[in-house]
K.L.:
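Below is the structure I would like to discuss, written out as structure tokens.
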Number of protein chains: 2
Amino acid sequence: MAVGAAQYVRAMHTVAVLALDHVIPFDLSVPIETFGRTRLPDGRDAYRVVVCAPSPGEEVATGAFTLRAPYGLDALRTADTVVVPGTATPLAPLPAPVLEALREVAARGTRIASICTGAFPLAATGLLDGLRATTHWAAAALLAETYPAVEVDPDVLHVDNGQLLTSAGAAAGLDLCLHLVRRDYGSAVAADAARLSVMPLEREGGQAQFIVAPWPATPRGAELEPLLAWLEAHLDEEVTVERMARQAGTSTRTLIRHFKEQTGTTPLRWLHRARVRRGQHLLETTGYSVERIAGQVGFGSAGAFRERFKRTTGVSPQGYRRAFGGAGAA
Amino acid sequence: MAVGAAQYVRAMHTVAVLALDHVIPFDLSVPIETFGRTRLPDGRDAYRVVVCAPSPGEEVATGAFTLRAPYGLDALRTADTVVVPGTATPLAPLPAPVLEALREVAARGTRIASICTGAFPLAATGLLDGLRATTHWAAAALLAETYPAVEVDPDVLHVDNGQLLTSAGAAAGLDLCLHLVRRDYGSAVAADAARLSVMPLEREGGQAQFIVAPWPATPRGAELEPLLAWLEAHLDEEVTVERMARQAGTSTRTLIRHFKEQTGTTPLRWLHRARVRRGQHLLETTGYSVERIAGQVGFGSAGAFRERFKRTTGVSPQGYRRAFGGAGAA
């Protein structure tokens, strides 16, 4: 198992972290933390982490401090993995040299992973077109609108397309990095890295459990709004698609089309999600039993509510209350 | 509810984050992320976050990049809360002006919270003497040895002494900051902050679930070492304190004293912890049933193992396997 120094350097996996203007300090530090702490079973560093910026001599603003990166875009070209952290200005145009460098290394097969709103610059390269991708749940609707060729999934902690990976907001970047460590070196090394970051290797549930705003927050078009308000006020009642169509004064066929166009989903899925969201609110703010909440949000039984809640958020109502409850008890 | 701009500025809680030399980027960014994203129910910022350094004009090294903080130590004096992130050099002497500023603001009642190895500079001020405190589990023994007047608890995610708070490693800093948001503004605001950071507001279990090394890793004194090795080899057997004393060729009274001096705990607590640790290893690396593992680590029943495992780590054996298992299945 003796490895010479030269071979050691060659064998080490290099991760380049791209510090764009207005990079979010937390998203920047997540790959530095996770990859930088990872050790192989024999104690060697598993990764070399280099931070690079479009203009390495210049300071990069982060809002809280300015930083100077020791490397430039050349570091992307020699990296095995490129990480694109989120920025506070996701719609800012990507500098042409960055666009070029990302496309070039992608064509060469380099792995690229984004954290939080880092999905926006990655999408700007066109590399995510036709692929599933995720971002911070609060930015998912904006990503879908800005890059319609990207199939945005707001419910997961990360999406692995093999060469291209995206992750949800903030702490979900830790989940993504641990996922990559597991891909590269197996579960035992990744479990050690998780312990060093005091994070579970795999979290139960997806990003859905953190979503409280309706998605999309504002429907793309106004026709449905009166119906959606009516539905929110009648979540405890039995509501069929036919009843919705009558309420909206239209045919079920037209209603389904309007839902698809304006909310991106079907009437019943929208209703289920609204009920789960109301259920989340009640679990957070009251001490009501799951049975009582199930009735208040229109489920015939606690069992049906539990199943739908778990399917939507990835956690049980009880697990959700443990994670986010407390206001009712305070 | 209309609030004038001046009142708004005065009312806002200021958090000063101290960037010492070799600050860990992740620990630095955790309070920037959590407090910086927190909003009050009416949409206003809940905190003003300022990053400060001992010499604000000079660049601070982090290992991965250098940073320039916009504020100096004066920011500590006007803050409501001071956060001390961990550094890569926890035993480095604290600059005299930092020591002085921390003691001065503490005397004035300012709240001070440390993240990860940030407990070391905080302990260096003497402020933690006689108090319970925690740090990254891998640094807990070093903290206890370096600052014997501090009562180090390596098993929790954070310790709240009211004015002085400490947290465990890395991601546990997120738990601490969310805890402070809850103290300052209540559960609903904290739950929103948690969602924005894609973190549960409260995590199940303490830091113990991440600890695999024995604690302390090396006993302070060599007499016990042969007995500890013997115990590790006989974890599956029934071992009483009397049997340990016979094995060590000493009285139970002397044995108990040696354990206290050299491991900081009692013989049975040490044995329970060693058994739980072995159980963790088996849960990670094998697909054995909990019943089988209970037998292999010296518990008479799966129920007794489950109870002890949960009491020590804060999570169930099944929960632990979900979080850290996978190597056995790979």
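Just so it is clear, the values below take in all heavy atoms, side chains as well, and ignore hydrogens, waters and symmetry mates. Reminder, nothing fancy here: chain letters follow the sequence lines and each chain counts from 1.
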K.L.:
Closest approach of F324(A) and R195(B), non-hydrogen atoms and distance?
P.N.:
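Reported closest heavy-atom pair: CE2-CG, 3.9 Å.
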K.L.:
Could you tell me which of L28(A), D175(A), L67(A), V50(A) has the largest number of non-hydrogen atom pairs under 4.5 Å with chain B?
P.N.:
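Option with the greatest count: L67(A).
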K.L.:
First locate atom CG of L201(A), then atom CD of E284(B), and finally report the distance between them rounded to the nearest 0.5 Å.
P.N.:
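Reported to 0.5 Å precision, the distance equals 9.5 Å.
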K.L.:
Where does E202(A) contact chain B at under 4.5 Å (heavy atoms): side chain, backbone, both or neither?
P.N.:
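Both parts, backbone and side chain.
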K.L.:
Is it the side chain or the backbone of L196(A) that comes within 4.5 Å of chain B heavy atoms, both, or neither?
P.N.:
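Contact with chain B involves both backbone and side-chain atoms of L196(A).
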K.L.:
Using heavy atoms and a sub-4.5 Å threshold, report which of residues 54-63 of chain A line up against chain B, by residue number.
P.N.:
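Listed by number, the contacting residues are E59(A).
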K.L.:
Do E204(B) and R322(A) sit within salt-bridge range, that is, some charged N less than 4.0 Å from a carboxylate O?
P.N.:
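Looking at E204(B) and R322(A), the cut-off is met.
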K.L.:
Pick whichever of T34(B), V17(B), L174(B) has the most heavy-atom pairs under 4.5 Å with chain A.
P.N.:
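Sorted descending by pairs with chain A, the first entry is L174(B).
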K.L.:
Hey, could you give me each pair passing salt bridge (Lys or Arg N to Asp or Glu O under 4.0 Å) that has a residue in residues 15-33 of chain A? Not counting sequence neighbours.
P.N.:
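Only E33(A)-R37(A) qualify under salt bridge (Lys or Arg N to Asp or Glu O under 4.0 Å).
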K.L.:
Who wins among V51(A), V30(A), T66(A) for the most heavy-atom pairs under 4.5 Å with chain B?
P.N.:
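The candidate making the most pairs under 4.5 Å is T66(A).
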K.L.:
Would you mind checking which part of Y320(B) comes under 4.5 Å of any heavy atom in chain A, side chain (CB onward), backbone (N, CA, C, O), both or neither?
P.N.:
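For Y320(B), the side chain is the part near chain A, not the backbone.
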K.L.:
Going by the angle between their ring planes, with limits at 30° and 60°, are F65(B) and F65(A) parallel, tilted or perpendicular?
P.N.:
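Taking F65(A) first and then F65(B), their aromatic rings lie parallel (interplane angle under 30°).
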K.L.:
Between P70(A) and A64(B), what is the shortest heavy-atom contact and its length?
P.N.:
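Nearest heavy atoms, P70(A) then A64(B): CD-O, 3.3 Å.
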K.L.:
Could you look at V49(A) and say if it's the side chain, the backbone, both or neither that has a heavy atom under 4.5 Å from chain B?
P.N.:
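Looking at V49(A), nothing touches chain B.
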K.L.:
Can you list every side chain to side chain donor-acceptor pair (under 3.5 Å) pair that touches residues 309-318 of chain A, not counting sequence neighbours?
P.N.:
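Qualifying pairs: E307(A)-R311(A).
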K.L.:
For V198(B) versus A172(A), what's the shortest heavy-atom pair and its separation?
P.N.:
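Of all heavy-atom pairs spanning V198(B) and A172(A), the closest is CG1-CB, 4.2 Å.
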K.L.:
Under the rule for salt bridge (Lys or Arg N to Asp or Glu O under 4.0 Å), what residues qualify as partners of R39(A), not counting sequence neighbours?
P.N.:
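Counting only residues at least two positions away or on another chain, R39(A) forms a salt bridge (Lys or Arg N to Asp or Glu O under 4.0 Å) with D45(A).
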K.L.:
Of all the heavy-atom pairs spanning F26(B) and S29(A), show the shortest one and how long it is.
P.N.:
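F26(B) and S29(A) have their closest heavy atoms at CA-OG, 3.4 Å.
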K.L.:
Quick one, P200(B) and Q209(A) - any side-chain contact, counting heavy atoms below 4.5 Å?
P.N.:
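No, side chains not in contact.
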